[in-house]
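Quick caveat, the model's predicted, so the values are computed rather than measured. In what follows, residues are counted from 1 in the order of the sequence shown.
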Amino acid sequence: MLFDVSTAVTEQLHDELFIEKGISVSVLRLDRIHPVISGNKLFKLHYFLEEAIRSAHRTIVTFGGAYSNHLAATAYACGALGLKSIGIVRGEESATLSHTLLQCIKDGMQLKFISRTAYAAAATSPSLPGEHGECLVIPEGGYHPMGARGASLIMNLVDTSHTHICTALGTATTLAGLALHAKPHQQLIGIPVVKEMNNLDERIKELTGFTTMPAAVECWTGYHFGGYAKKNEALIHFINQCWQQYRVPLDFVYTAKMFYAVTDQVKKNHFPPGSRILCLHTGGLQGNGSLPPNTLAF
Ligand SMILES: *Cc1c(COP(=O)(O)O)cnc(C)c1O
């Protein structure tokens with residue numbers, strides 16, 4: 001790895017509920033790697049960064065919204081590795097930049113704002129936009145087979161004794177990466193944080209090169225809390241409860257919804273006794289910076 005990931009430890013969560021159900025629930029703390037380049041983003045970027053380091057131009061272009069964890073991680077990683085980075089931001093430039101974009105600028109990223117329509121066309125196309133010249137283009141969220149290959153490195157940190165591995169789903173690149181390296185006895189569960197995730201099969205096939213959707217991959221819709229970056233009182237209360245009980249800080253966009261789903265399914269007896277569940281803490285804590293002060297207990 002290009003960055004030290006030794007701080008990404010697995011912690012077992014202690015809860016009467018888990019004892020009662022005869023299961024164990026642990027969390028892989030990818031959020032501990034670094035406050036900005038934390039979680040799954042570092043892994044998804046891995047092979048892109050390696051390629052940029054090897055190339056003569058050493059410039060990365062990528063895409064994101066005003067609160068994008070992916071932009072934040074890319075900016076930081078490029079800054080630390082001596083690469084140039086350009087971030088194409090969805091929407092017009094506003095008078096006050098988000099805390100995420102300010103951090104990107106601090107990390108040396110050059111920002112360009114484009115309209116939502118132009119963005120939609122550009123962000124998901126892996127082709128090289130001419131105006132950026134010879135540089136490495138990373139699609140939004142690292143959605144690319146190379147991003148999935150990078151995400152598969154997360155499995156190097158996962159003990160083979162785990163029977164279920166759960167992760168939040170955005171582009172599904174991380175889930176695809178897990179599918180590349182999972183053991184046959186491991187069930188992979190993705191929890192979409194967006195309202196519409198109806199082409200998951202296509203995504204997984206495109207990202208992995210598999211011709212069929214692996215049977216071990218499961219998707220739990222119904223935990224998006226109204227859609228991407230939407231939240232309610234119950235979710236905020238849940239985040240504070242997890243902090244009080246487990247000392248695990250969650251982000252409201254991704255990991256809180258995943259944890260909420262897992263807890264709910266434990267209560268509903270989805271997991272047979274003896275299950276050893278691993279939840280990926282995919283990071284994203286910088287995103288909590290958009291919440292009003294004192295919303296969270298940490
Ligand atoms: C981006 C992100 C995800 C989603 O990852 P995908 O590979 O796009 O599915 C999950 N959790 C966090 C914290 C993220 O920032």
Side-chain angles (χ1 to χ4, degrees), residues 1-5 7-8 29-49 52 59-91 93-94 96-114 119 122-124 135-144 147 150-151 154 167-171 173-174 177 193-194 228-229 231 239 249-258 280-291 295-296 298:
M1 295 298 299
L2 295 163
F3 293 86
D4 176 17
V5 298
T7 49
R29 297 288 305 269
L30 300 176
D31 60 307
R32 288 202 156 169
I33 295 169
H34 184 275
V36 179
I37 185 166
S38 72
N40 60 342
K41 298 296 184 278
L42 171 59
F43 293 88
K44 291 200 281 186
L45 287 170
H46 181 78
Y47 290 108
F48 291 106
L49 293 171
T59 302
I60 281 181
V61 177
T62 194
F63 305 84
Y67 298 96
S68 165
N69 293 330
H70 169 70
L71 276 189
T74 307
Y76 180 85
C78 287
L81 297 169
L83 300 168
K84 262 179 67 181
S85 67
I86 300 171
I88 314 287
V89 187
R90 181 180 58 226
E93 184 166 5
S94 67
T96 51
L97 291 180
S98 68
H99 72 279
T100 306
L101 295 182
L102 289 173
Q103 183 64 44
C104 288
I105 292 170
K106 242 191 228 166
D107 289 329
M109 181 175 261
Q110 185 191 341
L111 300 181
K112 291 186 180 173
F113 294 82
I114 63 171
Y119 182 92
T124 50
C135 44
L136 187 68
V137 178
I138 308 179
E140 179 180 43
Y143 181 81
H144 187 280
I154 294 172
T167 190
L169 270 191
T171 63
T173 310
T174 303
V193 300
V194 294
Y228 183 72
K231 59 183 184 309
I239 294 174
L250 300 174
D251 83 294
F252 76 96
V253 181
Y254 293 98
T255 52
K257 294 178 183 181
M258 181 273 298
L280 300 191
H281 193 317
T282 40
L285 291 170
Q286 71 84 28
N288 284 344
S290 70
L291 295 171
T295 306
L296 301 178
F298 53 88

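When atom types are taken as modelled, the side chain of Lys257 and the backbone of Ala168 share no donor-acceptor pair closer than 3.5 angstrom. The closest donor-acceptor contact from the side chain of His281 to the backbone of Pro249 lies under 3.5 Å. Formation of a donor-acceptor pair under 3.5 Å by the Asn288 side chain with backbone atoms of Leu250 is found in this model. The closest donor-acceptor contact from the side chain of Tyr119 to the backbone of Gly64 lies under 3.5 Å. Between the side chain of Thr62 and the backbone N or O of Ile138, at least one donor-acceptor pair lies under 3.5 Å. The closest donor-acceptor contact from the side chain of Thr173 to the backbone of Gly147 lies at 3.5 Å or more, if one exists at all. With Asn40 contributing its side chain and Gly283 its backbone, the two residues share no donor-acceptor pair below 3.5 Å.
A 4.5 Å side-chain heavy-atom check between Phe63 and His70 finds every atom pair outside the cut-off. For the pair Thr171/Glu140, no side-chain contact is recorded, criterion being any heavy-atom separation below 4.5 Å from C-beta on. Two residues are said to be in side-chain contact when any heavy atoms from C-beta on lie closer than 4.5 Å; Ile105 and Leu97 meet this criterion. No side-chain heavy atom of Leu45 sits less than 4.5 Å from a side-chain heavy atom of Phe3. Contact of the Leu291 side chain with the Lys231 side chain is registered, since non-hydrogen atoms from C-beta on lie closer than 4.5 Å.
For the pair Val89 and Gly65, the tightest heavy-atom approach, listed with the atom from each and the gap, is CG1-C, 4.2 Å. Of all non-hydrogen atoms in Lys41 and Ala73, the two that sit nearest each other are CB-CB, 3.6 Å. Between Ser85 and Ala75 the shortest heavy-atom distance is OG-CA, 4.1 Å. Residues Ser98 and Tyr67 approach most closely at CB-CE2, 3.6 Å, considering heavy atoms. Looking at every heavy atom in both residues, Ile239 comes nearest to Ala256 through CG1-CB, 3.5 Å. When all heavy atoms of Phe48 and Pro139 are compared, the pair lying nearest together is CZ-CD, 4.5 Å.
Note that CG of Leu296 and CG of Leu285 are 9.5 Å apart. Values are rounded to the nearest 0.5 Å. In this structure, the separation between NE2 on His46 and CD1 on Ile154 is 12.0 Å, given to the nearest 0.5 Å. Expressed to the nearest 0.5 Å, how far CE of Met109 lies from CG of Leu101 amounts to 9.5 Å. Taking OG1 of Thr59 as the reference point, atom CG of Leu136 lies at 9.5 Å (rounded to 0.5 Å). Between the CG atom in Asp251 and the OG atom in Ser38 there is a gap of 8.5 Å [rounded to 0.5 Å]. With rounding to the nearest 0.5 angstrom, the CG atom of Leu30 is 9.0 Å from the CG atom of Leu42.
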Quiz prompt | Residue pair Asn69, Tyr254: steps toward the side chain to side chain contact (heavy atoms under 4.5 Å, CB included) verdict | solution = CA-CA 11 Å; Asn69 293 330; Tyr254 293 98; 3.6 Å; yes

Practice problem: Starting from the C-alpha separation in whole Å, work towards a yes-or-no answer on side chain to side chain contact (heavy atoms under 4.5 Å, CB included) for Phe43 and Thr282. | Solution: CA-CA 10 Å; Phe43 293 88; Thr282 40; over 6 Å; no

Practice problem: Please assess Cys78 against Leu49 for the test side chain to side chain contact (heavy atoms under 4.5 Å, CB included), listing each intermediate value before the final yes or no. | Solution: CA-CA 8 Å; Cys78 287; Leu49 293 171; 4.3 Å; yes

Quiz item: When you look at Met258 and Thr167, which way does the side chain to side chain contact (heavy atoms under 4.5 Å, CB included) test go after all the steps?
Solution: CA-CA 6 Å; Met258 181 273 298; Thr167 190; 5.5 Å; no

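Side-chain atoms of Gln286 and Thr100 include a donor-acceptor pair closer than 3.5 Å. The closest side-chain donor-acceptor pair between Gln103 and Tyr76, if any, does not fall under 3.5 angstrom.
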